[in-house]
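For the numbers below, each heavy atom of this structure counts, side chains included, while hydrogens, waters and symmetry mates do not.
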Amino acid sequence: MNFGIFSFLTELVKNPTRTGSIAPSCEDLCNLITDEADLDNMQTVIEFGPGTGVFTEKILEKISDEATFFAMELNPTFIEVTKDRCPGVVIYNDSAENSKKYLEIHGKTECDCIISGLPWTAFGPKLQDSLLNSIWDILSPGGRFLTFSYSHSLLFPTAKRFRSKLKSMFPEVVESKTVWSNFPPAFVYCAKK
């Protein structure tokens, strides 16, 4: 499936609170977030909001063959694009808030790592809190939660609130360098439970 910038923008216009980006993440950002995740040492990994599958592809390259991995995506178009890019990947068409149910399907109660492409800045306080509480609930002790943010978004109240909530909830939150090659420039949050 050919999914160019115009197609991505169409999805953004259709539902900005679910897409939240004007273009897929670049290779440098994909490598940074998946390298920071330490995927070769993780046994159970979930991806929230794979979009067009650019993170998914890197996760599958770096994860152990024995590890459990699945993704959660609300947009059926993005599910189709990701499955085309990554044949055989398991993606559930549901909210990330319901991940616990899907962990149980895989015989798990917790996960070691969550990589998120969700548009946190587009979410209001109630949804941010609900998602973060779900993440905390399913993440194992010492587990990692990784997400990215656009550098310019830190000016927005929702981004400031998310950053503050993340730092108050997790005992360790590290911010990466800015990836200037991404459009727009972005950085990664790596939080450890």
Under the criterion side chain to side chain contact (heavy atoms under 4.5 Å, CB included), I'd like the reasoning laid out for Tyr189 against Arg163: C-alpha separation, chi angles, the key distance, then a yes or no.
CA-CA 9 Å; Tyr189 288 114; Arg163 179 189 223 171; 3.4 Å; yes
Spatial distance of atom [atom1] ([X]) from atom [atom2] ([Y]) [nearest 0.5 Å]:
X	Y	atom1	atom2	value
Leu39	Met42	CG	CE	7.0 Å
Leu131	Phe145	CG	CZ	8.5 Å
Gln128	Phe123	CD	CZ	8.5 Å
Lys62	Cys30	NZ	SG	8.5 Å
Asp137	Leu103	CG	CG	9.5 Å
Phe70	Lys108	CZ	NZ	10.5 Å

Is there a path from [X] to [Y] through hydrophobic residues (I, L, V, M, F, W, Y) whose side chains come within less than 4.5 Å of each other?
X	Y	answer
Val90	Met72	yes
Ile105	Ile114	yes
Leu132	Leu154	yes

Using the side-chain contact (heavy atoms from CB on, under 4.5 Å) definition, which of the options Thr34, Asn41, Asp35 pairs with Asp38?
Asn41
Identified side-chain contact (heavy atoms from CB on, under 4.5 Å) counterpart of Tyr150 within the set Thr121, Thr178, Asn182:
Asn182
Test ring pair (Phe, Tyr, Trp, His ring centres under 6.0 Å) on Phe48 and Phe55; report intermediate values, then the result.
CA-CA 10 Å; Phe48 290 171; Phe55 287 173; over 10 Å; no
Once the angle between the rings of Phe162 and Trp120 is folded into 0 to 90°, is it parallel (under 30°), tilted (30 to 60°) or perpendicular (over 60°)?
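Parallel, since the angle between the ring planes stays under 30°.
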If you look at every heavy atom in [X] and [Y], which pair is closest and at what distance?
X	Y	answer
Ile46	Ser99	CD1-CB, 4.2 Å
Val173	Leu166	CG2-O, 3.7 Å
Cys86	Leu60	CB-CD1, 3.7 Å
Phe148	Ser25	CZ-OG, 3.8 Å
Cys113	Leu146	SG-CD1, 3.8 Å
Leu74	Ser95	CD2-N, 3.5 Å

Would the distance check show the side chain of [X] and the main-chain N or O of [Y] forming a donor-acceptor pair, the cut-off being under 3.5 Å?
X	Y	value
Asp40	Ile63	no
Asn133	Asp129	yes
Lys193	Leu139	yes
Asp112	Gly143	no
Ser153	Ser149	no
Thr44	Cys111	no

Can you tell me if CH2 on Trp180 sees more than 12 non-hydrogen neighbours from other groups inside 6.0 Å?
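Not more than 12 within 6.0 Å, no.
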Run Ser134 and Glu97 through side-chain hydrogen bond (donor to acceptor under 3.5 Å, both in side chains) and show every step you take.
CA-CA 6 Å; Ser134 295; Glu97 295 166 285; 5.5 Å; no
Going by atom types alone, do Asp28 and Ser181 pair a side-chain donor with an acceptor below 3.5 Å?
yes
Report yes if some heavy atom in the side chain of [X] is under 4.5 Å from a heavy atom in the side chain of [Y]; otherwise report no.
X	Y	answer
Lys101	Asp94	yes
Glu80	Arg85	no
His106	Thr68	yes

Restricting to salt bridge (charged side-chain N to carboxylate O under 4.0 Å, His left out), what partner residues turn up for Glu36, sequence neighbours left out?
none
For Glu61, salt bridge (charged side-chain N to carboxylate O under 4.0 Å, His left out) partners two or more places apart
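By the salt bridge (charged side-chain N to carboxylate O under 4.0 Å, His left out) rule, Glu61 matches Lys58.
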Please walk me through it: do Ile115 and Thr147 pass side chain to side chain contact (heavy atoms under 4.5 Å, CB included)?
CA-CA 6 Å; Ile115 295 178; Thr147 192; over 6 Å; no
List the steps, then state whether side chain to side chain contact (heavy atoms under 4.5 Å, CB included) holds for Cys26 with Leu29.
CA-CA 5 Å; Cys26 77; Leu29 183 60; 4.2 Å; yes
Under the side-chain hydrogen bond (donor to acceptor under 3.5 Å, both in side chains) test, residues paired with Thr56 that sit two or more places apart:
Glu47
Side-chain ion pair, Glu175 and Lys167, N-O less than 4.0 Å:
yes
Would a line drawn from the ring center of Trp136 to the ring center of Phe170 be shorter than 6.0 Å?
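Yes - the distance between ring centres of Trp136 and Phe170 falls below the 6.0 Å cut-off.
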Before giving the answer on side chain to side chain contact (heavy atoms under 4.5 Å, CB included), spell out for Lys83 and Val89 the whole-Å C-alpha distance, their side-chain angles and the decisive distance to 0.1 Å.
CA-CA 6 Å; Lys83 285 186 171 186; Val89 70; 4.2 Å; yes
